[in-house]
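Following: one structure in structure tokens, then a few remarks.
Here is the naming used below: chain letters follow the sequence lines, and residue numbers restart at 1 for every chain. Basis for what follows: all heavy atoms, side chains included, without hydrogens, waters or symmetry-related copies. Given the structure is predicted, the values throughout are model-derived calculations rather than measurements.
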There are 2 protein chains.
Amino acid sequence: MSDVDTPRDFPALRSLIVERAADFPRRLTQVATYALENPDDIAFGTVASIAQAASVQPSTLVRFAQSLGYQGFSELQEVFQSRLRDRVLNYDERIVQLREHTRKSGKAGLVFDGFAGAAEQSLARMRERLDTAQLEEAADMLAGAETIYLIGLRRSFPISSYMAYALGKLGIRYELVDGLGGLGHEQTGFATAKDVAVAISFTPYASETVSLVKRMAERKVPVVAITDSPLSPLASIARVWFEVQEANFEGFRSMAATITLAISLTIATAERRAR
Amino acid sequence: MSDVDTPRDFPALRSLIVERAADFPRRLTQVATYALENPDDIAFGTVASIAQAASVQPSTLVRFAQSLGYQGFSELQEVFQSRLRDRVLNYDERIVQLREHTRKSGKAGLVFDGFAGAAEQSLARMRERLDTAQLEEAADMLAGAETIYLIGLRRSFPISSYMAYALGKLGIRYELVDGLGGLGHEQTGFATAKDVAVAISFTPYASETVSLVKRMAERKVPVVAITDSPLSPLASIARVWFEVQEANFEGFRSMAATITLAISLTIATAERRAR
DNA sequence: ATTCATGTGGAATTAATGTTTCGCTTCGGG
DNA sequence: CCCGAAGCGAAACATTAATTCCACATGAAT
């Protein structure tokens with residue numbers, strides 16, 4: 001706690017917090033976590049407002065600052081402010097970083113830039129094109145379903161498994177059709193017209209997904225589909241379907257837009273149910 | 001002075017000041033000039049400190065704010081603060097505007113806008129902060145691994161399962177640890193120092209993930225981690241770790257940045273192997 | 001030259017903020 | 001099981017900050 005090593009700049013403070021956090025008591029760790037995750041709030045807030053946001057007492061914040069070697073909370077807060085104050089310098093830093101990016105031109109950095117770009121592009125395109133009325137309709141269908149059957153294999157499996165996770169947390173009944181052990185038809189066998197199937201598939205459409213969804217549709221199970229073309233076999237089967245075109249980089253398509261749509265659909269459904 | 005047009009975002013306030021400054025009395029003009037030239041000081045300072053810096057009385061600052069339609073100085077100060085609250089928040093402002101645009105589009109449309117915004121924000125932040133040197137290092141490690149163990153449960157499972165899909169297509173040997181039937185430790189049991197584990201976990205860190213990774217690290221298996229805080233238990237275990245902070249909407253975090261990082265890491269690995 | 005409206009400075013007032021204190025609780029060692 | 005230390009929460013306290021108020025100054029109109 002000697003005042004020799006109390007940092008006056010943010011990066012140093014940040015690493016000090018990381019280093020010390022392990023030895024901190026419970027509440028102080030809580031503050032440390034909050035501080036690292038919400039540095040802006042620390043910079044602008046008052047002791048009371050920050051304390052409330054971090055779910056601790058004001059006195060804990062003061063103790064936190066003091067245990068890092070500062071005289072009081074305000075002194076620590078100044079460091080957080082400095083981070084934003086010389087934003088001009090931060091800008092320079094960013095430019096330097098960007099130069100680093102391109103100078104070293106590490107192959108991995110290029111790959112990352114490529115995929116980040118593809119993700120942004122896909123999101124922007126989806127924003128432009130998505131018909132929100134369809135989203136309303138799909139959310140209505142899902143909200144009224146007894147059980148939601150999630151069908152997405154291979155490349156689409158991360159999407160359906162994410163929806164499964166979210167639906168589970170929200171307390172909505174679902175059935176994740178994973179085709180494990182070739183049991184796809186058994187997993188979907190109990191679906192009725194009161195349920196809804198969410199089918200996710202992209203070129204080349206996994207044949208098992210298509211055949212499963214077809215059978216369900218024949219048994220009058222309403223289908224919501226996420227796919228990448230009006231020519232997709234799912235498009236003609238589904239009552240509502242979304243077209244999501246992901247940009248690709250070096251032949252690998254982004255997933256950002258699809259997963260964002262999946263979350264949106266899930267949460268929109270949960271909100272309807274809440275009423 | 002109707003409070004209808006008192007701006008809540010900085011650009012609007014700025015042009016309002018420019019516009020009105022000509023008609024202001026002497027001291028108020030003085031404040032206006034100072035405010036436009038030293039916006040940071042307005043954001044962080046106190047009435048007294050700013051008054052001194054601008055060579056006016058504290059009361060003049062209050063009058064200035066009120067003559068722009070704000071109730072007091074603090075209200076005006078908030079606008080100056082919003083400008084600095086990390087581009088992230090500036091992004092939020094844009095999202096708010098977008099929401100206004102699409103207000104007509106109903107609840108599901110709002111949810112979608114929220115998540116699309118969160119996704120973009122997360123991607124932008126990751127682009128700024130990701131250290132590509134770490135990406136190189138991680139890709140090197142993975143490229144040299146005999147088998148890549150993918151560990152991500154619950155919320156992180158979509159990520160690990162996506163990596164599994166991609167690695168499979170690329171012909172790279174992997175083992176997806178899904179904890180199915182509580183067999184996590186059996187699935188990781190054969191890993192050696194020649195392999196590499198990729199661990200993905202976010203707050204609240206699934207205890208099984210943490211214990212699996214710990215055990216593997218003890219057996220000298222190198223670990224690459226993707227997590228959301230330097231205080232994450234994974235951060236201290238991993239040889240290389242990435243911090244990905246996803247923005248959230250209504251309490252549900254985006255996944256766009258994480259999945260983009262996962263693809264990048266996978267493809268970068270494949271490219272190293274090709275040589 | 002006088003009057004009136006407006007602007008201005010500085011003190012007074014009131015609200016709020018940061019910090020300290022103190023008693024209660026929790027947890028680990030003897 | 002008891003004791004002591006450390007952690008913690010709530011309230012009290014002292015300080016500082018924002019705002020209001022009022023007397024005086026300024027300058028234009030009569």
Side-chain angles (χ1 to χ4, degrees), chain A residues 1 3 6 8 13 17 19-35 38-82 84-85, chain B residues 1 3 6 8 13 17 20-35 38-82 84-85 231:
Chain A
M1 219 153 301
D3 33 0
T6 48
R8 297 288 143 192
L13 172 57
I17 293 176
E19 181 190 330
R20 299 275 308 276
D23 311 326
F24 274 160
R26 194 169 63 96
R27 286 280 119 116
L28 260 43
T29 312
Q30 191 175 332
V31 173
T33 309
Y34 182 86
N38 309 76
D40 291 0
D41 290 347
I42 306 277
F44 288 115
T46 67
V47 169
S49 68
I50 298 165
Q52 194 181 2
S55 310
V56 298
Q57 289 293 320
S59 47
T60 307
L61 291 182
V62 176
R63 274 195 287 269
F64 176 73
Q66 287 172 343
S67 72
L68 286 172
Y70 298 93
Q71 194 150 12
F73 178 78
S74 309
E75 219 175 283
L76 174 130
Q77 191 176 37
E78 277 175 24
V79 179
F80 276 81
Q81 292 182 347
S82 77
L84 296 175
R85 251 224 157 82
Chain B
M1 224 150 305
D3 33 0
T6 48
R8 296 288 144 192
L13 172 56
I17 293 177
R20 299 274 306 276
D23 310 327
F24 274 158
R26 194 169 61 95
R27 288 277 119 121
L28 260 44
T29 312
Q30 191 176 332
V31 172
T33 310
Y34 181 85
N38 307 77
D40 288 7
D41 291 347
I42 306 275
F44 288 115
T46 67
V47 168
S49 69
I50 299 165
Q52 194 181 1
S55 312
V56 295
Q57 289 294 321
S59 48
T60 307
L61 290 182
V62 176
R63 272 195 289 269
F64 176 72
Q66 287 174 342
S67 71
L68 286 172
Y70 297 94
Q71 197 150 8
F73 179 76
S74 308
E75 220 174 279
L76 174 131
Q77 192 177 35
E78 276 175 24
V79 179
F80 277 81
Q81 291 181 348
S82 78
L84 288 180
R85 275 194 122 95
L231 302 180

Query raised in the report: Between the side-chain atoms of B/Ser59 and the base atoms of C/dG10, is any donor-acceptor pair under 3.5 Å?
Result: yes
Report task. Specify the separation, in whole Å, of atom CZ of B/Arg63 and atom C1' of C/dG7. Result -> 7 Å
Report task. Measure the distance from CD on B/Glu78 to C1' on D/dA18 and round it to the nearest whole Å. Result -> 13 Å
Query raised in the report: Expressed in angstrom and rounded to an integer, what is the separation of B/Tyr70 atom OH from D/dT19 atom P?
Result: 13 Å
**Report entry** Interatomic distance, B/Leu76 CG vs D/dT19 C1' [rounded to whole Å]
**Finding:** 15 Å
Requested in this report: Measure from CZ on A/Phe73 to P on C/dT20 and round the result to the nearest Å.
Outcome: 14 Å
Report task. Among the candidates C/dT19, D/dT20, D/dC8, find the nucleotide nearest to the side-chain atoms of A/Val47. Result -> C/dT19
Report summary line: With the side chain defined as heavy atoms from C-beta on, A/Arg27 is closest, among D/dC8, D/dT19, C/dT17, to D/dC8
**Report entry** Secondary-structure notation, DNA chain C, from Watson-Crick and G-U pairs under 3.5 angstrom (| other strand)
**Finding:** ||||||||||||||||||||||||||||||
Report summary line: Side-chain atoms of A/Thr46 come closest, of D/dC8, D/dT19, C/dT17, to C/dT17
Requested in this report: Please state how far atom CG in A/Leu28 lies from atom P in D/dG9, giving the value in whole angstrom units.
Outcome: 10 Å
Report summary line: When rounded to whole Å, the CG to P distance for the pair B/Leu61 and C/dG7 reads 17 Å
Query raised in the report: Which one, C/dG7, D/dT20, C/dT21, comes nearest to the side chain of B/Pro25?
Result: C/dG7
Query raised in the report: How are the rings of A/Phe44 and B/Phe44 set relative to one another: parallel (under 30°), tilted (30 to 60°) or perpendicular (over 60°)?
Result: parallel
Query raised in the report: Choosing from C/dG18, D/dA10, D/dT20, which nucleotide comes nearest the side chain of A/Gln57?
Result: D/dA10
